[in-house]
Amino acid sequence: MHISTKTPKCFLAGHTGLVGSALYEQIKQQGQYELITCPHKQLDLTCQNEVESFFDTHRPDIVILAAAKVGGIQANRTKTADFIYQNLMIQSNVMHQAHRFGVKKMVFYASACTYPVKAAQPVTEDQMFAGPAEPTNAAYAEAKRAGVIMAQSYAHQHQMNVITIVPANLYGPGDNFNEQDSHVIPALIWKFHKAKQEQAPSVKVWGSGKAIRDFLYVDDLAELTLQLLEKYDSPEPINAGSGEGTPIGNLIETIQQITGYQGRIDFDTSMPDGAPKKVLDCTKLTQLGWKAQTPLHTGLMQTYEWFLRRLKTHENIRK
Ligand code: GFB
């Protein structure tokens, strides 16, 4: 990336979300970019006119698109229209205006769920379009796949410098914690914590516990993103995972132990497992000299501590 002598202006879209708040902290600490953020209430990224006028006013040099409609397996399989509509609109509006206003570099995040459900594991980047996505998150996956093609198309036609990072299942401070809509880690932390408080005899978890996921701590993704902004210039997607597959059953045991809940676990097998296995092949990243630094247990402890602090302060974000 060519950087002028003045501090580049970086528009961080979605700065209060899981990924956005981790990036916000790291960029603030490092001070390499002048941060531009905007609360959701003042800028609706699904609205083309608002996004255009925002770019016109602020003229960022760099854009990190950390805003997206996200959620766990249940949110994905029920709110299908929200997932496809909001993600298509946000990424189209932001990428198109980034191109129109001459942004020097943009980061787009795809998702591990863009890979075909039957892809060989661990999954390499070249398998992305080799078959249908898992049905529980097809709407989200197809929107993200469109974003991948869009990034490649703007790079091809307009020589736009846009990179696509494909994160594994993310977790960490700043996540959305609730029983129905969240991803598995915040959902389990919430369920076990509540059951412990209420001395409930059992906790219901979803599926068989046999599904395998690759969990990446969000601070590792933020650190990687800032590195790739400096040293990766290709529209070809690049996987970002921990390199390890964790069975959900093991994750359940670990979170139960961290939260200190003593009761019984009931598996609700009327709820789906989703993809049987989602583990990312991170050879490309290894070749760039990067490896995720946070072991799952450490990341879970830090997430739980953050959750407990947030319960006390009722803050939903880290800053
Ligand atoms: O994280 P999660 O909701 O989404 O669920 P996916 C992961 C696994 O945990 C599934 C099981 O096998 C769930 O059945 N699970 C067990 C639970 N108990 C619970 C619970 O209480 N809550 C939740 N949520 N799960 C996501 C996509 O799929 O993958 C996202 O939905 C994103 O869009 C992400 O792409 C990477 O891993 O199945």
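We count ligands from 1, going down the list as the structure has it; atoms in each ligand are counted the same way. Computed from heavy atoms alone, side chains included, the values below leave out hydrogens, waters and symmetry copies.
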Would one find more than 12 heavy atoms of other residues, nucleotides or ligands at under 6.0 Å from atom CD of Gln262?
->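 Check fails, neighbour count at 12 or below.
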Between ligand 1 and the protein, tabulate every N or O atom pair separated by less than 3.5 Å, reporting distance only.
from, atom 1, to, atom 2, distance (Å)
ligand 1, 1 (O), Val184, N, 2.9
ligand 1, 3 (O), Ile73, N, 2.8
ligand 1, 12 (O), Asp273, O, 2.6
ligand 1, 14 (O), Pro272, O, 2.7
ligand 1, 18 (N), Trp206, N, 3.0
ligand 1, 21 (O), Lys191, NZ, 2.7
ligand 1, 24 (N), Ser182, O, 2.9
ligand 1, 28 (O), Lys278, NZ, 3.2
ligand 1, 29 (O), Lys278, NZ, 2.8
ligand 1, 31 (O), Asn76, ND2, 2.9
ligand 1, 33 (O), Asn76, OD1, 3.4
ligand 1, 33 (O), Asn76, ND2, 2.9
ligand 1, 35 (O), Ser111, OG, 2.9
ligand 1, 37 (O), Asn169, ND2, 2.8
ligand 1, 37 (O), Arg213, NE, 2.6
ligand 1, 37 (O), Lys278, NZ, 3.2
ligand 1, 38 (O), Arg213, NH2, 2.9

Excluding sequence neighbours, so at least two apart, what forms side-chain contact (heavy atoms from CB on, under 4.5 Å) with Pro295?
->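 side-chain contact (heavy atoms from CB on, under 4.5 Å) list for Pro295, sorted by chain: Thr298.
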Check side-chain contact (heavy atoms from CB on, under 4.5 Å) between His96 and all other residues, then give those that pass, not counting sequence neighbours.
->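 His96: side-chain contact (heavy atoms from CB on, under 4.5 Å) contacts with His99, Arg100, Tyr154.
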Output a table of donor-acceptor pairs, distance under 3.5 Å, between side-chain atoms of residues 119-130 and any protein atom two or more places apart or on a different chain; print 'none' if there are none.
from, atom 1, to, atom 2, distance (Å)
Gln121, OE1, Val279, N, 2.8
Gln121, NE2, Lys277, O, 3.0
Thr124, OG1, Asp126, OD1, 2.6
Thr124, OG1, Gln127, NE2, 3.3
Glu125, OE2, Asn239, N, 2.8
Gln127, OE1, Ala120, N, 3.0
Gln127, NE2, Ala120, O, 3.2

Does Lys196 count as lying over the ring of Tyr261, i.e. NZ or CZ under 6.0 Å from the six-ring centre, within 45 degrees of the axis?
->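 Output no; distance or angle outside limits.
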If the plane angle is over 60° it's perpendicular, under 30° parallel, otherwise tilted; pick one for Phe54 and Phe11.
->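 Tilted: the ring planes of Phe54 and Phe11 meet at 30° to 60°.
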